[in-house]
Each structure stands twice: as C-alpha cells, then as structure tokens.
Amino acid sequence: MEARRRSLHSSKTFQHEPTAKPSPDAVSLPLYVTNAVFFTLFFTVVYYLLSRWREKIRTSTPLHLVTLSEMLAIVAFFASFIYLLGFFGVGFFHSFILKEDDDSNDVLLKHDSRKLTPCAQALDCTVFTSPSPPLVANEDDEDIIKSVVDGTTPSYALESKLGDCKRAASIRREALQRITGKSLTGLPLEGFDYGSILGQCCELPVGYVQIPVGIAGPLLLDGKEFSVPMATTEGCLVASTNRGCKAIHLSGGASSVLLKDGMTRAPVVRFGSAKRAAELKFFLENPANFKNLSALFNKSSRFGRLQSIKCAIAGKNLYLRFTCSTGDAMGMNMVSKGVQNVLEFLQNKFPDMDVIGISGNFCSDKKPAAVNWIEGRGKSVVCEATIKGDIVQKVLKTSVEALVELNMLKNLTGSAMAGALGGFNAHASNIVTAVYIATGQDPAQNVESSHCITMMESINGGQDLHVSVTMPSIEVGTVGGGTQLASQSACLNLLGVKGASKETPGANARLLATIVAGSVLAGELSLMSALAAGQLVKSHMKYNRSSKDVTKVSS
Ligand code: ADP
C-alpha cells in the first residue's frame with residue numbers, strides 16, 4: 001500500500017519535472033511531506049483569517065488594521081496558494097491547451113500516442129531520444145497501468161491484449177515502478193525492437209541492458225582475417241585478446257580443425273527392473289536398429305541428423321544420449337524434437353517404459369560434466385599456432401621458457417591439484433562468454449563451451465613457442481535464439497557468419513566455433529604472458545579500475 005501511495009505522488013512529479021527528476025526513488029518522500037505541509041498550512045491560515053474577519057465584523061474593527069500575526073497569516077496564505085496552484089493547477093490548464101493544439105492539427109502531437117497527456121512532457125522532444133524517458137501515460141495507458149498495478153490485468157498478457165510490444169513493455173515498466181516504488185531510470189526502454197523477442201527470446205520485458213562491444217583482431221585464422229566482437233564490462237579483456245591476436249598475426253596466423261559436430265539430448269526412462277532397462281540399451285545400441293531409429297529422428301527437421309545413441313544405466317533407469325548434427329542452429333530445440341519422435345516409437349515397443357524426463361542431465365546442458373569433456377558436445381575444435389621467439393619477446397614481453405613453465409605449473413598441474421573438470425586453461429570462459437553475448441549465443445552454455453586444455457611447448461630448439469587450445473564442447477549457432485536480434489546479428493555479420501549458410505548448411509556455425517577457439521587461443525597467449533611477465537596487476541590497475549570515486553557514483 002505504502003509503495004502504491006508513494007508511486008501516485010511520484011507519477012505526479014513526472015508530470016511537472018519530466019526530464020530533470022524522473023526517479024520516484026529520488027522524489028517521492030519529500031513531495032509527500034511537502035504537499036502535506038502546504039495543505040495543512042493553507043487550510044489553517046484560511047481558517048485563522050476567516051475567524052479573524054468574523055471577529056473584526058463583530059467588534060466593528062476596521063479590516064485594514066492588521067496585526068503582525070494576521071500579516072504573517074496572509075503571507076502564508078499566498079505562499080501555500082501559489083505552491084498548490086503550481087503543483088496541481090498547471091497540469092489541469094495544460095490539458096486544455098493540449099486539446100486545443102490537437103484540434104489545430106499539430107503534426108507532431110497527432111502522431112504521438114501521448115498527445116492527451118496533461119503534462120508539458122508531451123511537448124518535450126528530448127523524451128523521444130533520452131535513453132530512459134520517464135513514462136507519461138495517455139489516458140488509455142493510465143487505465144491499463146492502474147489495472148496492472150491492482151492485479152486485474154496480468155502483466156504477462158499485455159502484449160496479446162494491446163497488440164503492441166513496445167507499448168506493453170512501457171506499461172509494464174511503469175506499473176513495476178509504481179508497485180515496487182523503485183526507479184528503472186538507467187535501464188533503457190527506447191531503441192529496441194520488442195516485437196523481435198516476442199515468443200522466443202524474453203518474456204515480460206521492461207527494457208534492455210546495454211553491454212559495450214569491443215573488437216579484438218584481426219585474428220588471422222586458417223588464412224582469413226576476423227574482427228572479433230566481444231561484449232564485456234571487464235576492462236583489459238578486449239585489449240588483452242587484441243594483443244594475443246597481434247602476436248598470432250605476426251607469427252603467420254593460427255590454424256584450426258573441427259573434430260566433431262553434434263548436439264546432444266539425453267532423456268531418462270525407467271523400467272520395473274534393471275534387466276528391462278538393459279534390454280532397451282542393447283536394442284538402441286544394436287547397429288541393425290540404427291537405420292530405423294535415425295529415420296524416425298530425422299523426420300522432425302531438414303537439418304537434424306542422428307549420429308549416435310549412447311546409453312548409461314543406473315539400476316532400473318536408463319539414460320539415452322542422442323547426438324545429432326544441427327546445421328547452423330545450436331540445436332537444442334532440434335535435437336529435442338527428434339528425441340521426442342524416437343521416444344514415441346519406443347513407448348509402443350517397450351510399453352513398460354516410463355519416460356521420466358526428456359532431459360536426464362546425461363546430455364549435459366549448462367552444467368560442468370565429464371561426459372561433455374570426454375565425449376564432446378556441440379563443436380569440438382582444436383586450434384594451434386607457432387609464435388616466433390622474437391614476437392614472444394617484443395609483443396608479449398616474456399620468454400618462451402617462462403610461458404612453457406607457467407603453463408605446466410598453472411594450467412596443467414595447478415588445475416589437476418584443484419580437481420578441475422575441463423578447466424585446464426587460464427581464462428577461456430572470459431573470451432567464450434564475451435563472444436557469446438555479442439553474437440547472440442546462449443551465455444549459460446559458457447559452462448561447457450569453456451572446457452579447454454591449453455598446451456604450450458618450446459620448439460625449434462627452444463626458440464619458438466607452440467601453443468594450442470583444445471575445446472570439446474563449443475555450442476554455437478548462427479540461426480535461432482538470440483542470433484536473429486539486430487545487434488547480435490550485426491556482430492555475426494561482421495564475422496561473415498550471419499544466418500544460415502547457403503552453400504553448406506552448418507558451415508557458418510562451424511566457422512563460428514573455430515573463431516571462438518582462435519579467440520580463446522589469443523586470450524590464453526596474452527593472459528599467460530602477462531602473468532609470466534608479472535604484468536597482470538599493473539594492467540588491471542590501468543584498464544580495469546575506474547578512476548571515478550565509487551562512493552560518489554553510488555550515491
Ligand atoms: P535451436 O535448435 O538451436 O534451438 P531453433 O530451432 O530455434 O534452433 O532454430 C533452428 C530453425 O532454423 C529450425 O526451424 C530450422 O529449420 C531453421 N533453419 C534454417 N536454416 C537452417 C540451417 N542452415 N541450419 C539449421 N537450421 C536452419
């Protein structure tokens with residue numbers, strides 16, 4: 001209740017101070033108190049002056065003879081009257097003025113859905129370009145906002161009810177601010193196509209988060225140059241990857257090999273006995289049955305092609321790990337549809353089979369798991385480069401010997417000591433996640449996509465460095481999910497892998513996987529060199545530490 005009451009006052013404030021103070025947080029309490037004070041003052045002095053007037057008439061005292069307290073009361077009367085008129089009266093007069101403007105065919109206002117807003121903000125063009133304009137609702141919107149606040153309109157139903165995704169987001173956002181009493185200023189609303197995320201990328205939107213995109217490169221990989229987009233807020237990361245790219249480029253480039261390409265899904269089914277579970281396992285792993293099973297699986301998509309079914313038993317429970325190629329899609333939806341087809345067939349053949357879940361975690365999606373590290377998931381890639389000794393010295397500011405030793409003690413022995421699972425690297429997840437966010441991948445899949453072993457060896461009699469990254473589970477796509485959104489699509493375009501490959505389905509996604517591995521190689525080289533040269537703390541102080549006074553920023 002308190003939050004709603006406060007929000008009513010704050011929405012009033014939006015009407016009078018549209019660009020200066022859009023934050024309910026910042027203004028709600030003082031306004032509430034100020035209004036109460038002026039109301040009390042106004043009615044008190046009116047009562048006092050009226051009673052004094054009646055007294056003067058009764059005692060036949062001339063009205064122009066005023067005492068000090070009467071003078072003070074008159075001043076207080078005018079002060080409170082002017083305040084209340086300014087606060088509540090201006091919007092009222094504006095509503096008349098705006099209606100007249102509308103009649104006179106003001107083009108700007110005619111196309112503005114907020115034209116009836118009793119507020120000067122409707123005329124303020126800055127609200128259209130401001131990154132986070134305070135919402136000023138027209139009368140229709142105001143009614144809907146109120147109905148969302150009081151719960152009569154479910155927030156999730158706004159898109160279907162209004163048929164306008166932007167308006168739905170804007171109303172939901174204002175309702176949220178009123179319900180919580182918290183400001184969303186800083187979270188932009190404008191400049192985003194809310195229709196593009198409907199039903200596939202994000203529900204109940206109220207805005208979008210901005211993440212800067214930096215470019216590392218050119219990364220010279222398999223004879224081609226790539227400018228790699230990285231979305232991150234970690235200072236140093238892009239600069240460091242860029243330095244790694246430079247060292248690779250000056251040494252003649254990196255090369256990659258795609259070892260495997262298959263997305264997995266593993267449902268769990270249960271039987272009355274372990275014997276029956278084993279019977280299904282043998283049935284599924286029998287090569288004679290594969291043709292029929294793959295025909296069933298492949299029915300669901302032009303691109304999903306079953307490669308294998310690997311089974312694991314836990315007592316009466318069986319985990320069926322299906323692997324399939326998925327064209328240019330990352331493939332989770334595709335593989336799930338194929339699995340569903342096969343399960344329906346198996347249900348007829350094994351009527352005592354109880355399907356517990358389409359995903360039984362033997363897949364394994366978005367969790368660290370040895371099965372992905374050993375078997376691979378998505379694209380398995382190895383990427384290597386030979387870095388010349390003088391480049392190690394001049395660009396990376398360290399020596400081949402120091403790098404090889406550090407790699408052995410940190411990435412291999414250190415990670416073994418820590419009981420690492422796929423974490424035999426310096427910071428693969430940093431690069432993977434930044435590229436994933438920029439290119440519209442599922443950032444939660446950074447868990448297994450960052451599995452990586454970094455190897456470093458001195459070659460050519462200790463002169464040069466051979467460095468490689470082996471990454472068995474890079475899960476990327478160039479169609480579906482977030483890849484079709486405008487900004488992410490632009491980043492894919494920059495890499496030349498936007499959308500479906502016309503010549504060879506799957507070629508774009510496979511190329512993207514090798515670019516991810518190549519970028520990780522650059523990132524590994526640079527961070528390892530910084531560590532070997534003892535530069536890490538120095539460079540982080542320079543790039544990753546804000547020079548701003550944090551206490552001032554937070555206040
Ligand atoms: P995911 O399986 O990664 O969740 P989606 O199912 O959302 O991906 O997107 C894949 C969709 O894109 C499918 O409907 C598929 O038919 C279509 N598609 C078009 N061209 C391709 C291609 N070259 N590779 C894969 N899918 C493609």
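Keep in mind the model is a prediction, meaning the values are calculated, not measured. In each ligand, atom 1 is the first atom listed, and ligand 1 is the first ligand listed.
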Novice: Decide whether Gln488 and Thr439 meet the rule of one side-chain donor and one side-chain acceptor closer than 3.5 Å.
Specialist: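 Absent: no donor and acceptor within the cut-off.
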
Novice: Can you see which heavy atom on Ile437 is nearest to which on Pro443, and at what distance?
Specialist: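 The answer is CG1-CB, 4.1 Å.
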
Novice: Check whether the side chains of Lys498 and Asn508 place a donor and an acceptor atom closer than 3.5 Å, and report yes or no.
Specialist: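 No - no donor-acceptor pair under 3.5 Å links their side chains.
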
Novice: Please tabulate, one line per pair, the protein nitrogen or oxygen atoms found under 3.5 angstrom from a nitrogen or oxygen of ligand 1, with distances to 0.1 Å, or say none if there are no such pairs.
Specialist:
unit_1, atom_1, unit_2, atom_2, d
ligand 1, 2 (O), Gly331, N, 3.4
ligand 1, 2 (O), Met332, N, 3.4
ligand 1, 2 (O), Asn333, N, 3.1
ligand 1, 2 (O), Met334, N, 3.2
ligand 1, 3 (O), Met330, N, 3.3
ligand 1, 3 (O), Gly331, N, 2.6
ligand 1, 4 (O), Asn333, N, 3.4
ligand 1, 4 (O), Asn333, ND2, 2.8
ligand 1, 7 (O), Asn333, ND2, 3.4
ligand 1, 23 (N), Asp328, OD2, 3.1
ligand 1, 24 (N), Asp328, N, 2.7

Novice: Testing the 3.5 Å rule here: is there a donor-acceptor pair between the side chains of Ser450 and Ser429?
Specialist: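 Absent: no donor and acceptor within the cut-off.
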
Novice: Under 4.0 Å between a Lys/Arg side-chain N and an Asp/Glu carboxylate O for Asp193 and Lys166?
Specialist: no

Novice: Ignoring hydrogens and geometry, is there a side-chain-to-backbone donor-acceptor pair from Asp261 to Lys379 under 3.5 Å?
Specialist: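 Checked: no pair found.
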
